[in-house]
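Every heavy atom of this structure was used, including side-chain atoms; hydrogens, water molecules and symmetry mates were not.
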Amino acid sequence: MPNRCAATNLSPIIRLLPEAPPQDRTDPVPAMRRELSLLRIELERLRALENEARKTNELLVGYIDHLIDSRDEWRRGAERLSALCTRQSACAVLDTN
């Protein structure tokens, strides 16, 4: 059925606009208007999804940056403790001589 619009191919749950009345089937303008309405709705939905994905991405990037900063801070602390332990060991060796 090549003359059917995309809105009629959707399941009843997804179909937002009613099917064209019989008198409109000969005039393509109402069908095109319905198609445009469906496309606008889909575009708004996709834009909302894109916006949500962008927010989620920004949140995850911020969290990863925080983890990297925390890791680097712990690494510097471990290096300071290692250096302190090395000095303490060297001092203990000198004191025994």
Please determine whether side-chain contact (heavy atoms from CB on, under 4.5 Å) holds for the pair Glu52 and Leu49, giving the CA-CA distance in whole Å, both sets of side-chain angles, and the decisive distance to 0.1 Å.
CA-CA 5 Å; Glu52 187 66 29; Leu49 284 173; 5.6 Å; no
Rounded at 0.5 Å granularity, tell me how far NZ in Lys55 sits from CG in Asn51.
4.5 Å
Atom CG of Leu39 and atom CD of Glu35: how far apart are they, to the nearest 0.5 Å?
6.5 Å
Kindly give the cluster partners of [X], where membership spreads through any ILVMFWY side chain lying under 4.5 Å from a current member.
X	value
Ile68	Ile64
Leu60	none
Tyr63	Leu67

Using the test salt bridge (Lys or Arg N to Asp or Glu O under 4.0 Å), find all partners of Arg76 that sit at least two apart in sequence or belong to another chain.
none
Check salt bridge (Lys or Arg N to Asp or Glu O under 4.0 Å) between Glu50 and all other residues, then give those that pass, not counting sequence neighbours.
Arg54
Give a yes or no on whether Arg71 atom CZ has more than 12 heavy-atom contacts from other residues, nucleotides or ligands under 6.0 Å away.
yes
Does Ala78 offer a backbone N or O that forms a donor-acceptor pair with the side chain of Ser82 under 3.5 Å?
no
Leu43 vs Arg40, side-chain contact (heavy atoms from CB on, under 4.5 Å): CA-CA, chis, key distance, verdict:
CA-CA 5 Å; Leu43 182 62; Arg40 284 187 190 113; 5.6 Å; no
Arg45: what forms a side chain to side chain donor-acceptor pair (under 3.5 Å) with it, not counting sequence neighbours?
Glu42
